[in-house]
Amino acid sequence: MNAELDLLIGLNDYERPQDVADRAVQAEELGFDRITTGETTGWNIVPPLTLAADRTDELGLSNDVVSPYGRSPAMLAQTALTLHDASDGRFRLGIGPSSPAITERWHGAEFDRPLRRTRETIEIIRNVFETGSTAYEGDIFDIPGLDYERDVPDTPPAIDVATLGPKATEMAGRFGDGWAPQLFTADGLRDRLEDLERGAELADTGKSLDDLRVAPIVRGVASEDRERARELARSTTAFMLGAYGPYYGDSVAEQGYEDVVSEIRAAWEDRDTDAMAAALPDDVLDDLAPAGTPEEVREWVEAYADIDGVDAVRVGFVRGVSEEDKVTTMEAVTGAL
């Protein structure tokens, strides 16, 4: 494998935060380089990641990703610094513009100027990391500033930015330390890496693409029952394209699959999930998700890892998989089979 392997963990799959730590131990034993977990309307990420930090020795830890509307920039900085200390410096902070549904229907905030808010949030977090102060004057935030009560670390947590579109990805390159895209074909990812590189070159520090950790997210499943694996992946991928708000669907449509996305969305209007899955052809599924036998999944992930500019592949599971499926998938991509 020419890139690192991250394991994306869904918190809703576990009964207790302690169970996430058990998975982290398993991931470290199998050879994953990092685990990452998202936060939407379920558990807060901090307890499970803290437990995972305490139970592992070298495994990297990330969140994937937090909303700039759900916590203040100061609280995000505190959260990152706490997890940084809990993990002895193994934590990376993930942030992204979020979505109207999460912002308005969960956090009760207005989904206004998401890219600008994300940029200013990152800049304030960096102020805390570098100076200990939240002082900042911007278009959205105007903060007189207080000082962090502890010493800031010499090497603070890196900040990964999750984006899809060209301008948003340029922002990620300019202000982030890494990029975590999702649902990109190999060709689509190569095209978007040009936007990321342009953003890096615009940074005041004069960084390059080599300075960013590019870790695209893929969701798949490996099973000896090939057809079952592919149908599970087909269902999840179609659901993400049609029901997860406009962004994933728009992104995949711009990668050359406008007709496919339109058909999936039409089926979603009738809440016909079977028709949504049926509208996703094999070739599009193959472009977007590793699904099939363990050998096929490992080959898919290896090919994705070989894309110039990719530093890690972040592997997650599709919906409806069993524990046996998860273990088979983890063993397949790490070469443990």
Side-chain angles (χ1 to χ4, degrees), residues 6-16 19-20 23 26-27 32 35-43 45 48 63-65 96 99 101-102 105-106 162 164 180-185 216-249 251-252 257 260-261 263-265 267-282 284-294 296-297 300-301 304 313-333:
D6 298 353
L7 179 65
L8 174 60
I9 292 175
L11 295 183
N12 288 341
D13 293 343
Y14 302 91
E15 293 295 326
R16 305 185 309 156
D19 298 332
V20 177
R23 180 72 81 197
Q26 182 185 32
F32 282 95
I35 63 161
T36 183
T37 187
E39 178 186 271
T40 51
T41 62
W43 281 338
I45 57 163
N63 66 287
D64 185 49
V65 296
S99 69
I102 297 297
R105 297 172 61 188
W106 183 251
L164 297 174
Q182 184 166 194
L183 278 179
F184 276 91
T185 69
I217 299 164
V218 299
R219 297 176 186 270
V221 55
S223 173
E224 294 298 343
D225 186 344
R226 182 179 189 272
E227 291 309 311
R228 174 176 168 273
R230 291 182 63 77
E231 289 312 305
L232 287 171
R234 193 188 310 276
S235 176
T236 294
T237 305
F239 192 81
M240 293 183 71
L241 295 179
Y244 266 38
Y247 301 112
Y248 290 132
S251 175
V252 171
Y257 294 123
V260 172
V261 172
E263 187 174 351
I264 290 172
R265 283 174 166 169
W268 174 243
E269 289 180 4
D270 297 327
R271 299 302 189 263
D272 189 341
T273 54
D274 289 340
M276 290 172 71
L280 185 67
D282 281 335
V284 183
L285 176 64
D286 289 337
D287 275 351
L288 294 173
T293 66
E296 288 175 319
V297 167
W300 194 104
V301 173
Y304 211 69
V313 179
R314 192 164 287 185
V315 179
F317 306 119
V318 299
R319 299 184 307 163
V321 296
S322 66
E323 178 62 21
E324 181 181 357
D325 294 328
K326 292 177 183 178
V327 172
T328 300
T329 304
M330 289 188 291
E331 290 180 344
V333 298

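Residues meeting the salt bridge (charged side-chain N to carboxylate O under 4.0 Å, His left out) test with D286, sequence neighbours left out: R230. Under the side chain to side chain contact (heavy atoms under 4.5 Å, CB included) criterion, E39 pairs with N44, I45, V66, R71, not counting sequence neighbours. Every residue meeting the side chain to side chain donor-acceptor pair (under 3.5 Å) condition with R226, not counting sequence neighbours, appears here in chain and number order: E296. Contacts of F239 classified as ring-ring contact (aromatic ring centres under 6.0 Å, His included), with partners at least two apart in sequence or in another chain: Y244, W268. Every residue meeting the side chain to side chain contact (heavy atoms under 4.5 Å, CB included) condition with A275, not counting sequence neighbours, appears here in chain and number order: A267, D272. In terms of the side chain to side chain donor-acceptor pair (under 3.5 Å) criterion, N63 has no residue partners (sequence neighbours excluded). E227 pairs by the salt bridge (charged side-chain N to carboxylate O under 4.0 Å, His left out) definition with nothing, not counting sequence neighbours. Applying the salt bridge (charged side-chain N to carboxylate O under 4.0 Å, His left out) rule to D325 yields the partners R228; only residues at least two apart in sequence or on another chain are considered. Partners of R314 under the side chain to side chain donor-acceptor pair (under 3.5 Å) rule, at least two apart in sequence or in another chain, are D6, D64. T273 is linked by a side chain to side chain donor-acceptor pair (under 3.5 Å) to nothing, counting only residues two or more places apart in sequence or in another chain. Remark: P48 pairs with L11, P17, V20 by the side chain to side chain contact (heavy atoms under 4.5 Å, CB included) rule, at least two apart or across chains.
A289 and T237 get closest at one heavy-atom pair: CB-OG1, 4.0 Å. Minimum heavy-atom separation, V65 to A162: CG1-CB, 3.5 Å. Of all the heavy atoms in I35 and A27, the pair that sits closest is CG2-CB, 3.8 Å. Here the closest non-hydrogen pair linking W106 and T40 is NE1-O, 3.6 Å.
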Tell me, with the steps shown, if D287 and Y257 meet side chain to side chain contact (heavy atoms under 4.5 Å, CB included). CA-CA 11 Å; D287 275 351; Y257 294 123; 2.4 Å; yes
I would like to know whether F317 and R219 meet side chain to side chain contact (heavy atoms under 4.5 Å, CB included); could you show each step before the answer? CA-CA 5 Å; F317 306 119; R219 297 176 186 270; over 6 Å; no
Evaluation steps, side chain to side chain contact (heavy atoms under 4.5 Å, CB included), between L8 and V218: CA-CA 9 Å; L8 174 60; V218 299; over 6 Å; no
Derivation of the side chain to side chain contact (heavy atoms under 4.5 Å, CB included) call for M330 and L7: CA-CA 8 Å; M330 289 188 291; L7 179 65; 3.6 Å; yes
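Rounded to the nearest 0.5 Å, atoms CD1 (I264) and CE (M240) are 12.0 Å apart. Annotation: the span from I9 atom CD1 to K326 atom NZ amounts to 9.5 Å, rounded to 0.5 Å. Interatomic distance, L183 CG to I217 CD1, rounded to the nearest 0.5 Å: 9.0 Å. In this structure, CE on M276 lies 11.0 Å from CG on D270, to the nearest 0.5 angstrom. The line from CG of D225 to CD of E324 is 10.5 Å long, rounded to the nearest 0.5 Å. Between L280 atom CG and L241 atom CG the span is 6.5 Å, to the nearest 0.5 Å.
Judged by distance alone, the side chain of S223 and the main-chain N or O of A229 form no donor-acceptor pair under 3.5 Å. When atom types are taken as modelled, the side chain of S251 and the backbone of L164 share no donor-acceptor pair closer than 3.5 angstrom.
Two residues are said to be in side-chain contact when any heavy atoms from C-beta on lie closer than 4.5 Å; V333 and F32 meet this criterion.
Sequence neighbours left out, the pairs with a member in residues 231-248 that pass salt bridge (Lys or Arg N to Asp or Glu O under 4.0 Å) are E231-R234, R234-D282.
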